S.K.: 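My questions all concern the structure below.
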2 protein chains.
Amino acid sequence: MSKVTIRHVAAAAGVAVKTVSRVMNGEPNVTQDLQDRVNKAVDALGYVPSMAARRMGGSRSYLLVALNDRENTINNWRSGRGNDWIDQMLHGAMLTCEAHGYRMLFELVEAGSPDLDRKVVAILSALQPDGIILTPPHSQNLALVEMLTRRNVPVVRMGVAGEGVGFGVFMDDRAAAAEATRHLLQLGHRRIGFIAGSPRFEASRQRLDGYRDALTEAGVTIDEDLIAPGDFTFESGVAAAGTLLARDDRPTAILASNDEMALATLHVASRLRIRVPDLSLVSFDDTPGVRLSVPGLTSIRQPISEMAAKAAALLIGVSRTGEGAPSDHLLPFALEVRGSTAPLT
Amino acid sequence: MSKVTIRHVAAAAGVAVKTVSRVMNGEPNVTQDLQDRVNKAVDALGYVPSMAARRMGGSRSYLLVALNDRENTINNWRSGRGNDWIDQMLHGAMLTCEAHGYRMLFELVEAGSPDLDRKVVAILSALQPDGIILTPPHSQNLALVEMLTRRNVPVVRMGVAGEGVGFGVFMDDRAAAAEATRHLLQLGHRRIGFIAGSPRFEASRQRLDGYRDALTEAGVTIDEDLIAPGDFTFESGVAAAGTLLARDDRPTAILASNDEMALATLHVASRLRIRVPDLSLVSFDDTPGVRLSVPGLTSIRQPISEMAAKAAALLIGVSRTGEGAPSDHLLPFALEVRGSTAPLT
DNA sequence: ATGAAAGCGCTAACAA
DNA sequence: TTGTTAGCGCTTTCAT
């Protein structure tokens, strides 16, 4: 009762262990009769193969590893800010893994660390995963991707195009920022402030580019003074919003590069007695807080769980078929319109 | 280069495989000289033992599993509400595991499911974890705890006292609710509304009890009409707040059993043009959203990451020493005072 | 204090 | 189509 192994099942079904293995793995060349007998024994005994033993015997570990930025993640935890990215990633990836008999483990490694490679190799040695999911900013680290590829570990890069060096699953940040900006333009806004994200992340640049795209496209002259730097933190959002809203000719709308800086803007506006949406406000990420704020924030929703699900599916595919040339997968974002944006009065 | 095994290390150090194993596991009876030689070889080769092989050979898997409620978790993911509990749990447990060379995997199993036992046994068979962390409501499931104990799997129950049936790590929800209520009483409030949590969770009852305790202790008559039912969802919070605030003699303060219902109250108040903190508001959980709302909410912070860290430490301790009688561990909560509470005017 | 050999539960490779 | 055998990389006996 305590430990049911493949041997017990084989004995109960009166077949060889290899036959049980074949049935468990859906391999061909087993008569229906034997399949039935094996399955009956499996059910009766409650047999579930040991992951460790499968890894030892075969070539698969049924394990995927997601690599996240250590500093960022821990800071978010410590400060109570939460890690919506990880949450959504788990959502997509875990459920996909589960559906295929895989498990996902996530690991934190310091992005800038000089011995990042050593750390990652240690993870590979200990876990021997069937694939690695890289999240930003690791996904931007070409050297890392190449190291993994050299070691024959399939890689998916989340948030950036893989361009042949690993799979890529991503959204179009530039187009998203443009759409958000267009939304404000359509409401009649012309003086639209922009709070930038941390330059550590590729997406930050793209969002700024998208903002510029939309303004240019609408024939609105870009006022560089309306572009304030930020680093995705609340504090930087407070500073940026403070600068933008202190101006005499302050913007009538603001696009913030993430939710936290947008909520900071909400606070600053409240302090300055500027009502939102008298000041229209759009944010990026659509994390839980922005639907609960008063008013709810219009926000760009990233398809994080969808990207993660796709990432897991790609790796599982490679692991099963042994094959798969790296491909790129663009997933759609969505602009969620809420109460923080209104027509210019 | 691709796969460094214990054999390579043994060869490089000129010792037996078992000696390397001894050094890696800090076992006694190895001369300093050999230890040095082994360590040198380990470093030079970048050797890291394979978890799967360790599990196969020895009695430990270096793996902990956390069991979470499936429905709840997935609903939170789907609706974009986020899973702060899981986030904080990962925070505490993962970092602790990491520090001891363990890994943590979390699994979702349906709490009410008739074949919960089968599901859990399947997890045990596949993963053979060195211990299980149970989160609410699983941690309240005595039959489950007993099944695990019978199978010699060490268990920690989070959020409830273990009382000898598994380890217990928890906070005093009743005292926390009392403290929150006392905070409001001290501000001069006497008509204090209470929005209850889902009766599925033991903590809901305790929070209500604590509310009653504080009122009784202050000699305030308990008005049952000021106690509104809820189930932890935003919608239920809207309903409850609506009921409470529609009354002619409406409460001057409200204690909500979680953040989401408190934020719902904030919305309802805003709609009714009641300013917070003209209406004082206290919530439970201190999830990320409540520090970012305007105003920030006074809230009871649960020591989730601390509980999880303790849970992992306990299980790792058992796994290493082989023994450890179940013990109970009470961790402190904290009342975070923010802008949503003010003296009665 | 050190080492040799025997598994752990699977799957890959190879018979039959 | 089915079964047999040899590992996988460790730790656990059990010698020495």
Side-chain angles (χ1 to χ4, degrees), chain A residues 2-38 41-42 45-63 101 122 124-130 319-320 322, chain B residues 2-38 41-42 45-63 101 122 124-130 319-320 322:
Chain A
S2 213
K3 204 154 274 177
V4 182
T5 74
I6 197 172
R7 229 168 274 252
H8 300 151
V9 177
V15 299
V17 284
K18 178 66 216 186
T19 302
V20 178
S21 175
R22 285 199 178 95
V23 174
M24 293 306 292
N25 295 298
E27 288 170 28
N29 300 332
V30 186
T31 54
Q32 190 60 49
D33 173 45
L34 283 199
Q35 284 190 44
D36 292 345
R37 267 160 57 196
V38 168
V42 166
L45 299 174
Y47 170 68
V48 177
S50 149
M51 273 188 92
R54 284 184 127 177
R55 160 60 244 182
M56 289 302 291
S59 50
R60 288 195 273 171
S61 63
Y62 294 88
L63 226 202
L124 296 182
S125 307
L127 266 17
Q128 291 151 269
D130 290 340
S319 152
R320 305 177 82 150
Chain B
S2 213
K3 203 154 275 179
V4 182
T5 73
I6 197 171
R7 229 169 275 252
H8 301 150
V9 178
V15 298
V17 167
K18 177 65 214 184
T19 302
V20 178
S21 174
R22 285 200 177 92
V23 174
M24 294 305 292
N25 294 297
E27 287 170 29
N29 300 332
V30 186
T31 54
Q32 189 60 48
D33 173 45
L34 284 199
Q35 283 190 45
D36 292 345
R37 270 164 52 199
V38 169
V42 166
L45 299 174
Y47 170 67
V48 177
S50 150
M51 273 189 93
R54 283 183 127 178
R55 160 59 247 184
M56 288 302 291
S59 50
R60 288 194 273 170
S61 63
Y62 294 87
L63 227 204
L124 296 181
S125 306
L127 267 16
Q128 291 152 265
D130 291 340
S319 151
R320 305 176 84 151

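All values reported here derive from a predicted model rather than from experimental measurement. Lettering follows sequence order; numbering is per chain, from 1.
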S.K.: For the pair made of CG in A:Asn29 and P in C:dA13, what is the distance, rounded to whole Å?
M.R.: 16 Å
S.K.: Is any side-chain heavy atom of B:Ser125 closer than 4.5 Å to a side-chain heavy atom of A:Val4?
M.R.: no
S.K.: Side chains of B:Lys18 and B:Glu27, heavy atoms from C-beta outward: is any pair under 4.5 Å?
M.R.: yes
S.K.: So, B:His8 side chain and B:Lys3 main chain: donor-acceptor pair closer than 3.5 Å or not?
M.R.: yes
S.K.: Are A:Val38 and A:Arg22 side-chain neighbours, meaning at least one heavy-atom pair lies under 4.5 Å?
M.R.: no
S.K.: Taking CG from B:Asp33 and C1' from C:dT2, how many angstroms apart are they, rounded to a whole number?
M.R.: 12 Å
S.K.: Output one letter per nucleotide in nucleotides 7-16 of chain D: B when a protein non-hydrogen atom lies under 4.0 Å from the base, S when only the sugar-phosphate is that close, - when neither is.
M.R.: BBBBBB----
S.K.: Tell me whether the side-chain N/O atoms of B:Thr19 come closer than 4.0 Å to OP1 or OP2 in C:dG3.
M.R.: yes
S.K.: Side-chain polar contacts of residues 54-61 of chain A - donor-acceptor pairs under 3.5 angstrom, sequence neighbours left out - could you list them?
M.R.:
unit_1	atom_1	unit_2	atom_2	d
A:Arg54	NH2	A:Asn25	OD1	2.8
A:Arg60	NH1	A:Tyr102	OH	3.1
A:Arg60	NH2	A:Tyr62	OH	3.2
A:Ser61	OG	A:Leu63	N	3.3
A:Ser61	OG	A:Gln128	O	2.7
A:Ser61	OG	A:Asp130	N	3.3
A:Ser61	OG	A:Asp130	OD1	3.1

